[in-house]
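Heads up, the thing below is written out as structure tokens.
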There are 2 protein chains.
Amino acid sequence: MDLLAPGMEPPPITRFDVETAAERILGRVRRTPVLDLGPFSLGGIPGELVLKLELLQHTGSFKPRGAFNRTLSAEVDDAGVIAASGGNFGLGVAFAARELGHRAEVFVPSTSPKMKIDRIRAYGAEVRVVPGYYADALEACEERALHTGALFMHAYDQPEVVAGQGTIALELSDQVPAIDTVLVAVGGGGLIGGIAAWFAGEVRVVGVEPALCPTLTAALEAGRPVDVQVGGIAADALGARRLGDIPFEICRRFVDRVALVSDDAIEVARRRLWDEIHLVVEPGAAAPIAALLSGAYDPEPDERVVALVSGANTDPGSLID
Amino acid sequence: MDLLAPGMEPPPITRFDVETAAERILGRVRRTPVLDLGPFSLGGIPGELVLKLELLQHTGSFKPRGAFNRTLSAEVDDAGVIAASGGNFGLGVAFAARELGHRAEVFVPSTSPKMKIDRIRAYGAEVRVVPGYYADALEACEERALHTGALFMHAYDQPEVVAGQGTIALELSDQVPAIDTVLVAVGGGGLIGGIAAWFAGEVRVVGVEPALCPTLTAALEAGRPVDVQVGGIAADALGARRLGDIPFEICRRFVDRVALVSDDAIEVARRRLWDEIHLVVEPGAAAPIAALLSGAYDPEPDERVVALVSGANTDPGSLID
């Protein structure tokens with residue numbers, strides 16, 4: 001993985017951008033803890049498994065990191081901020097806006113869980129529900145942003161958003177010695193983009209996608225982000241129709257491979273995380289554990305693997321027998 | 001708090017016992033992480049609040065620490081181990097027995113949640129359900145132990161069990177600098193006994209009890225453990241009828257005070273922990289947060305408070321609106 005191979009532009013986000021983001025959002029976000037599960041955890045996963053418990057972040061997902069970094073990098077006037085989101089980014093935007101005293105307007109697709117929509121409202125944002133998936137909400141949002149003049153926040157394709165998500169990796173470098181591999185769920189690519197930008201090839205970064213939302217797989221095959229069909233149980237978190245351009249430029253350099261997981265494997269992983277760790281995890285955030293349990297990613301016996309557990313915005317009642 | 005005031009015996013558990021326990025159970029239990037919530041967290045709790053996430057321990061509570069320490073300190077023959085428990089200690093005993101290859105028999109009261117009983121069975125233990133509360137299960141268990149010759153494991157009144165629970169405090173000393181105060185839920189007193197034995201007056205240890213299960217309050221008032229009425233929503237975890245003698249000897253030296261909380265305050269705390277931290281916490285384990293939210297314990301603005309969140313064995317569906 002050559003940082004500046006002939007004909008390649010430098011990556012759009014660097015380690016320095018992530019460090020700057022970390023300073024900017026310090027005190028605004030939680031430094032989330034890690035849980036070391038040791039070898040043969042969760043019924044026999046090879047390698048040493050460590051969970052990064054980013055689901056304990058404000059709003060129940062990693063999104064406030066990017067939302068704060070974007071908002072604090074810009075001038076925001078009375079029109080406030082505006083965003084489209086499957087739910088979690090909307091929560092992050094609404095939370096950051098409330099903390100910073102800005103107005104927020106959030107477009108969500110009708111396929112988002114009611115609990116996410118209700119919570120965005122509870123943070124004081126105006127919510128507009130748009131029929132369809134994330135891409136439909138994004139279209140409506142972009143049109144509206146042109147009229148209101150609010151600061152447009154992109155869920156995964158803005159440098160400040162990607163650099164903000166990368167602060168998780170900066171924390172990990174401090175929390176976990178000698179990481180071999182980090183497993184990260186992929187939707188639009190903001191999270192994996194930030195993480196891969198930080199590690200920059202020094203740690204193996206593996207993307208995990210539901211087979212029904214294969215944006216990174218398709219982009220790597222095509223050599224550029226392309227539209228894919230999205231669906232399945234994790235679509236509210238990972239259901240971007242195509243990978244972002246900024247994440248793509250980072251991922252094609254620094255992502256080692258992509259593992260695909262079925263919806264069934266995601267459900268098994270969610271159940272296992274509740275039964276054995278007592279964490280309630282939303283489907284998209286269970287994808288890395290699904291990759292380990294299903295063998296879609298199969299660590300070496302001495303490999304130290306960090307699985308990012310990135311969101312908890314789900315109905316806990318769905319875990320009842 | 002004088003360690004050896006005239007006429008006082010030395011405390012039954014010392015720091016050395018806790019260190020020995022930590023070495024003995026190393027690799028058997030998870031080192032649970034802490035989550036730093038900073039000042040004015042959870043809607044405005046004064047002081048700097050840190051959560052010790054012991055609910056992420058194997059079996060969803062702290063109990064395996066004491067169970068492993070007791071089991072590994074003794075000779076166990078084919079008769080295996082035997083215990084009585086409101087549920088969590090039974091889980092700890094059953095888990096430790098499975099890991100160490102021993103037979104386990106666990107007596108639980110009929111008031112224990114079905115999920116705890118089912119899980120004890122799932123770890124391979126023989127379960128006997130006794131009508132009533134913990135004390136009733138304990139009586140039946142003691143009688144049975146005399147016949148089978150199994151190793152009797154007491155949920156909170158054996159030195160090895162108390163020292164094992166104290167390993168949480170040993171970890172805390174390493175994880176959180178300059179702790180002022182630790183808030184710990186109290187039932188039979190094994191947990192607070194171990195923790196107070198470790199800190200030995202160097203850190204303020206505050207017990208938190210449901211007003212409906214006031215074993216430590218009653219013991220401190222009477223100058224010795226006495227029977228109390230138990231009931232309410234946390235009785236399955238904190239519903240011992242009287243404090244243990246070993247915990248009492250430690251608590252009367254090293255526990256600063258006891259805060260009492262209502263069942264309503266516990267329910268508010270559980271809800272808040274889900275809404276704002278995305279943790280599913282059982283009623284007994286929410287008691288320390290209930291003390292902070294209700295003002296039953298009111299930290300100074302610059303006080304660094306650790307709240308021990310000690311169990312997650314509850315139906316997550318109970319958090320649905």
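These figures come from a predicted structure and were not determined experimentally.
- In this structure, chain A has heavy atoms under 4.5 Å from both the backbone and the side chain of Leu56(B).
- Among Thr59(B), Thr32(B), Leu53(B), the residue with the largest count of heavy-atom pairs under 4.5 Å with chain A is Thr59(B).
- For the pair His278(A) and Leu279(B), the minimum side-chain heavy-atom distance is 4.5 Å or more.
- Of the residues considered (His58(B), Arg119(B), Glu276(B)), Arg119(B) shows the highest number of contacts with chain A, using heavy-atom pairs under 4.5 Å.
- For residues 88-104 of chain B, heavy-atom neighbours of chain A at less than 4.5 Å comprise no residues at all.
- Contact annotation for Ile277(A): both backbone and side-chain heavy atoms come within less than 4.5 Å of a heavy atom of chain B.
- For chain A, the nearby part of Arg31(B) is the backbone; its heavy atoms alone come within less than 4.5 Å.
- When all heavy atoms of Thr314(B) and Trp274(A) are compared, the pair lying nearest together is O-CZ2, 3.5 Å.
- For residues 34-45 of chain B, the interface with chain A (any heavy-atom pair closer than 4.5 Å) comprises Val34(B), Leu35(B), Leu37(B), sorted by residue number.
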